[in-house]
Amino acid sequence: MTKSILRYFIVVLVITLLSTCILSTAFLSHILLERTKQDMFYSLRLMNYAIDINQPLVNQIDQLNPLAYSSQSRISIIDKEGNVLVDTDDRQVSQNHLDRQEISDALLYGEGTSSRYSVTTKTNMLYVAYYDGNYILRLSIPYNGLIDELPVLIPALSMSAIGSFIIAFLLSRRLAYKISKPIIEISESLDHMSNDFYFHLKDYDYQEFQVIVDTLHNLSHKLRKSMREVKLEQIKIDEILKQMNEGFVLLDENYKILSINQQAISLLGQMQQYDKFTDKINNPNILDALNNHISKQMIELHIDHNVYACYISIIDLGTTLLFLDITANKKAEKIRSEFFSNVSHELKTPMTSIRGYSEILSQGIVKDQQQEKEMLSKIQNEVQNMSTLINDILMLSRLESKDIKIDISQLNVKKIMNNVLESYEAEISLHHLEVSLDIEDMIFKGNDYHIFTLFSNIVGNAVKYNVDNGKIMISLHAENHAMKLTVKDTGIGIPLSDQTRVFERFYRVDKGRSRQRGGTGLGLAIVKHIVSFYQGTISLTSELNQGTEIEVIILEQ
Ligand code: ATP
Ligand code: MG
């Protein structure tokens with residue numbers, strides 16, 4: 001920078017020197033010309049005094065020479081008509097001189113000057129004429145202005161130009177250094193600026209530099225403030241991403257990872273910021289979706305027995321991927337659709353047989369009264385099955401709905417159990433079952449319909465899935481604001497593989513036997529819901545062909 005300032009100064013210096021030379025030469029030429037003319041007029045006046053008009057001019061002309069301006073001067077005496085009367089030049093001058101500028105001016109104003117190339121002397125001449133009323137006295141000299149003085153002027157001018165150039169150069173260099181030093185210092189400070197935008201600048205005497213320094217300090221302050229805010233925002237975003245249950249990935253236009261949270265890493269595998277996402281990922285569905293370049297899309301991914309909804313959005317910066325665990329939703333959806341298909345299936349079976357029997361009966365084909373009675377009883381049976389099924393479904397939906405208000409009252413559970421046993425009395429005696437009871441006389445706070453349904457389903461199963469002459473042991477006790485019910489039977493038992501599934505809706509180990517006994521497969525599902533309503537626990541132990549034991553503990557409401 002110093003060099004370019006210096007170069008600029010030198011150019012200015014040279015231009016200044018040249019223009020000074022030209023201007024001063026022109027000025028000097030003018031002064032020289034005026035001085036020469038004055039001196040020549042002075043000589044003419046002296047000569048005029050020396051001339052005696054009564055003596056022949058030819059004789060006097062040589063005596064005038066010493067009074068002339070210089071040794072090369074030519075003196076002419078011309079009459080009013082322009083005829084040269086006498087001339088120091090040896091050559092005969094015959095032309096009329098009235099048309100010469102200096103002569104006509106002298107006749108008009110008393111004095112006249114002119115300069116021109118003289119054909120007579122073949123040089124540039126300066127003419128000065130003086131008119132005293134009788135004749136015109138003219139002095140002429142060869143005159144080239146300053147050119148004649150060049151031998152003297154050139155060395156003098158060159159010396160002074162070199163001298164001024166050296167002095168100006170040294171001063172310019174010093175000035176250039178003084179100007180560029182603060183700029184160099186400021187730019188060096190900016191170069192060494194730390195990552196947190198701190199830099200050190202001293203104060204300067206020049207106001208212009210001080211303004212720059214102050215502006216830079218302000219700028220650095222603003223930058224630090226903005227950086228702090230950006231960092232704070234980054235921390236906030238990182239924290240949000242960390243706390244999110246969903247996996248999140250932000251990619252740039254080239255699929256480089258700009259941000260990824262832990263949840264996404266555990267789903268997709270180890271990867272980190274600035275990794276190329278498409279190189280790290282091996283899930284073809286995600287790669288296909290990214291290649292589609294659709295602004296918003298959702299794909300379903302199955303990762304480690306779980307289902308995820310992956311929302312891919314193209315944004316200004318690049319792409320975002322959001323992974324939502326929808327396993328529970330999918331399961332619920334599956335259960336719902338299974339439930340509806342089961343319900344329609346369960347309703348279709350009794351409806352078909354009802355329609356069949358009623359058609360036969362309506363056509364009057366059956367003549368035997370006994371047969372007719374049997375058919376009617378079968379229709380009644382199927383209607384009963386349907387009504388049980390519908391009641392069970394209603395019960396389940398009521399238990400699942402959180403909005404329905406449930407009446408809670410002090411219940412005599414022993415009485416409820418006796419009612420339940422009463423409802424199974426016919427079956428118990430038909431199969432010669434032996435029921436042993438260990439029931440505590442107690443009061444339990446709950447809903448009577450819930451408790452009746454709970455007992456009825458568990459005891460009902462012990463009856464339905466028992467063997468002839470089998471046993472049922474029922475124990476019911478109060479336990480610290482809770483009630484513990486144990487029902488044990490010596491029935492057909494449940495295979496190990498089915499033991500966890502019997503609580504599912506419509507699940508039946510032996511469908512034929514269950515249906516034959518009017519079962520819908522909803523009993524234990526309802527029991528499970530009731531137990532959960534009372535924040536209780538349920539456990540089942542069973543052995544095939546040996547029997548089953550169910551233990552339920554529910555809390556008072
Ligand atoms: P519902 O109770 O709706 O009339 P269900 O008895 O078939 O019909 P659940 O009570 O839910 O339905 O029982 C589901 C299945 O579990 C039954 O079909 C049966 O196969 C088996 N099961 C339940 N309790 C016993 C038990 N005590 N002994 C043997 N198997 C049982
Ligand atoms: Mg049952």
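Whatever order the structure lists them in is the order used to number ligands and atoms, beginning at 1. What's counted below: heavy atoms across the whole structure, side chains too, no hydrogens, waters or symmetry copies.
Lys445 and Glu556 make their closest contact through N-OE2, 3.1 Å (heavy atoms, listed as atom of the first residue, atom of the second, distance). Between Gln270 and Lys280, the closest heavy-atom pair is O-CD, 4.1 Å. Considering all non-hydrogen atoms of both residues, Ser456 and Val420 come closest at CA-CG1, 3.6 Å. Heavy-atom minimum distance, Leu433 versus Asn469: CD2-N, 4.3 Å.
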Let me see the working for Tyr534 and His450 under ring-ring contact (aromatic ring centres under 6.0 Å, His included), right down to the final yes or no. CA-CA 10 Å; Tyr534 289 86; His450 282 171; 5.7 Å; yes
Audit row: Glu333, Arg336, salt bridge (charged side-chain N to carboxylate O under 4.0 Å, His left out) steps and yes/no: CA-CA 5 Å; Glu333 211 176 276; Arg336 228 183 349 262; 5.2 Å; no
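Listed by atom number, the atoms of ligand 1 under 4.0 Å from Ile494 heavy atoms are 22 (N), 25 (C), 29 (C), 30 (N), 31 (C). Atoms of ligand 1 lying under 4.0 Å from at least one heavy atom of Asp392, given by number and element, are 3 (O).
Here Asn457 has side-chain heavy atoms under 4.0 Å from ligand 1, and that is the only part of it that gets that close. Heavy atoms of Ile550 found under 4.0 angstrom from ligand 1: none, in either backbone or side chain. Contacts between Thr548 and ligand 1, counted as non-hydrogen atom pairs separated by less than 4.0 Å, involve the side chain only. Residue contacts with ligand 1 for Asp489 involve side-chain atoms from C-beta outward but no N, CA, C or O (heavy atoms, distance under 4.0 Å).
At a 3.5 angstrom cut-off on N or O pairs, Lys464 counts as close to ligand 1. For ligand 1, the polar-atom distance check finds no N/O of Tyr507 at less than 3.5 Å from any of the ligand's N/O atoms.
Here the options are Lys236, Lys242, Gln234, the test is side-chain hydrogen bond (donor to acceptor under 3.5 Å, both in side chains), and the partner is Asp238; only Gln234 passes. Of the candidates Thr486, Val487, Asp489, Val487 is the only one forming a side chain to side chain contact (heavy atoms under 4.5 Å, CB included) with Ile458.
Side chain of Ser266 to main chain of Gln262: a donor-acceptor pair is present (N/O by atom type, distance under 3.5 Å, no hydrogens or angles).
For atom 10 (O) of ligand 1, the closest non-hydrogen atom on the protein side is Asn461 ND2, 3.0 Å. Nearest to atom 9 (P) of ligand 1 among the protein's heavy atoms is Leu524 N, 3.6 Å. Summary of contacts: the protein heavy atom closest to atom 19 (C) of ligand 1 is Tyr465 CZ, 3.6 Å. Atom 16 (O) of ligand 1 has its closest protein heavy atom at Val502 CG1, 3.3 Å. Atom 8 (O) of ligand 1 has Gly521 N, 2.8 Å as its closest protein atom, hydrogens excluded (heavy atom only). Distance from atom 7 (O) of ligand 1 to its nearest protein heavy atom, with residue and atom name: Ser514 OG, 2.6 Å. The closest protein non-hydrogen atom to atom 18 (O) of ligand 1 is Arg508 CG, 3.0 Å. Among all non-hydrogen protein atoms, the one lying nearest atom 3 (O) of ligand 1 is Thr520 OG1, 2.7 Å.
By the neighbour-count criterion of 12 heavy atoms within 6.0 Å, atom CD of Gln273 is densely surrounded, having more than that number from other residues, nucleotides or ligands. Under a cut-off of 6.0 angstrom, the local environment of CE in Met351 is sparse, with at most 12 non-hydrogen atoms contributed by other residues, nucleotides or ligands.
At a threshold of 2.8 Å, the Mg ion (ligand 2) has a backbone or side-chain N, O or S atom of Asn461 nearer than that distance.
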